[in-house]
Amino acid sequence: MSDFDRNYATPRTGYRTDQVAIDAGLRAYMIRVYNYMTAGVALTGVLAWLTYQAAGGDAIQIAGGQISGLTPFGQAIFSGPLSIILLLGTLGLVFFMSFRINRLSAGTALTLFFVYAGLLGLALASIFLQYTGASITRVFFISSATFGAMSLYGYTTQRDLTGVGSFMFMGLIGIVIAMLVNMFLHSSGLDWAISVLGVLIFVGLTAYDTQRIKEMYSPMDDGTVAGRKAVMGALSLYLDFINLFLMLLRLFGDRR
């Protein structure tokens, strides 16, 4: 009987040791994802504010739907062809990374992610024309708290969120179509409904994407594969956060 106990104890100890190593690897992987995502958000925020300052900053005045006080740079980036180039550039970069990620090195993928975050910062400088600085700051912290809570839920829950993710993705397609339609209708009621649904959708996607990113981890991945997964995970969470922030800003931001 004593021999049986000794033989039984050996694989149990080995199992626990392996599980501890896997858990430590998963934590390091998720911390890497969150660090990349946080750095991307910070880069976007800083560049958005610097772009607004370069465009005229506090000298910009908005009255009767007319904007005055813009510098030549501000006129180019807010109303010129550069704004369209930024929009197309950011969209193109996301699609390029998504379809070519398996052929990119981890370093190249991370560089492209930060380039994307920087370009989006230039594009999002326009929110300082629409909303007060105080309300932007307030909504940012609300978004951070909401994102953190839902990401924690997605990481810790034992429930399979695949069905939730599929439903939220269909909802995302729906609100994109609704936003395109509302560009012609200019309905304030539809705009409010889009914002409310958008918040719910990106809250759900945050939890789903966190669980999906967690399940992507494999202790057998080499450095390159793990690096690619970390970058794409960071990109997914980054997009969830930015869109959640913008939807909440539409609801709770104080317009200038």
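All of these numbers come straight from a predicted model, not from anything done at the bench.
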Reported CD1-to-CD1 distance for the pair I173 and I201, which is rounded to 0.5 angstrom:
10.0 Å

Hey, any chance L91 and L112 share a hydrophobic cluster, counting ILVMFWY side chains that come within less than 4.5 Å of each other, even indirectly?
no

Is the distance from the ring center of Y208 to that of F169 below 6.0 Å?
no

Please identify which of these residues, L86, L82, L88, meets the side-chain contact (heavy atoms from CB on, under 4.5 Å) condition with I84.
L88

For F78 and L70, the nearest pair of non-hydrogen atoms, with its separation, is CD1-CD2, 3.7 Å

Are V41 and L152 grouped together when hydrophobic residues (ILVMFWY) are joined by side-chain heavy atoms under 4.5 angstrom apart?
no

For residues M170 and F167, determine if any side-chain heavy atom of one lies less than 4.5 Å from a side-chain heavy atom of the other.
yes

Apply side-chain contact (heavy atoms from CB on, under 4.5 Å) to L124 and list each qualifying residue two or more places apart in sequence or on a separate chain.
T44, L120, I242, L246

With side-chain hydrogen bond (donor to acceptor under 3.5 Å, both in side chains) as the test, pick out the partner of S151 among D240, T210, T206.
T210

For the CG atom of L180 and the CE atom of M183, what is their distance to the nearest 0.5 Å?
6.5 Å

So, do L239 and F202 sit near enough that their side-chain heavy atoms are less than 4.5 Å apart?
no

Nearest heavy atoms of S135 and D254, plus distance in Å
OG-N, 3.2 Å

What residues form a salt bridge (charged side-chain N to carboxylate O under 4.0 Å, His left out) with R212, not counting sequence neighbours?
D209

Taking every non-hydrogen atom, the tightest pair across D160 and T162
OD1-OG1, 2.7 Å

Could you state the interatomic distance from CE (M37) to CD1 (I213), rounded to the nearest 0.5 Å?
9.5 Å

Output all residues satisfying ring pair (Phe, Tyr, Trp, His ring centres under 6.0 Å) with F140, sequence neighbours left out; order by chain, then residue number.
F241

Gap between atom CE of M232 and atom CZ of F113 - 0.5 Å precision:
10.0 Å

Quick one: side chain to side chain donor-acceptor pair (under 3.5 Å) partners of S144, sequence neighbours excluded?
none

With rounding to the nearest 0.5 Å, note down the distance linking OH in Y34 to CD1 in I31.
10.5 Å

Hey, what do you get for CG (L26) to CD (E215), rounding to the nearest 0.5 Å?
10.5 Å

Could you check whether the rings of F114 and Y36 sit parallel, tilted or perpendicular, using 30° and 60° as the cut-offs?
perpendicular

Flag side-chain contact, heavy atom, 4.5 Å: L235 against Y116
yes

With hydrophobic residues grouped by side-chain heavy-atom distances under 4.5 Å, do V46 and V139 end up in a single group?
yes

For Y155, does the OH atom sit with more than 12 other heavy atoms under 6.0 Å from it, leaving out its own atoms?
yes

If two hydrophobic side chains count as joined below 4.5 Å and joins carry through other members, does L190 share a cluster with L197?
yes

Just to verify, what does I142 make a side-chain contact (heavy atoms from CB on, under 4.5 Å) with, not counting sequence neighbours?
R138, T146, L248

Can you tell if the side chain of I136 reaches within under 4.5 Å of the side chain of W49, non-hydrogen atoms only?
no

May I have all residue pairs that pass salt bridge (Lys or Arg N to Asp or Glu O under 4.0 Å) and include part of residues 222-234, sequence neighbours excluded?
D221-K229

Among M150, M247, M168, which one satisfies side-chain contact (heavy atoms from CB on, under 4.5 Å) with V203?
M150

So, do V231 and M97 sit near enough that their side-chain heavy atoms are less than 4.5 Å apart?
yes

Please determine whether residues I62 and I127 belong to a single hydrophobic cluster, defined as Ile, Leu, Val, Met, Phe, Trp and Tyr linked transitively by side-chain heavy-atom distances below 4.5 Å.
yes

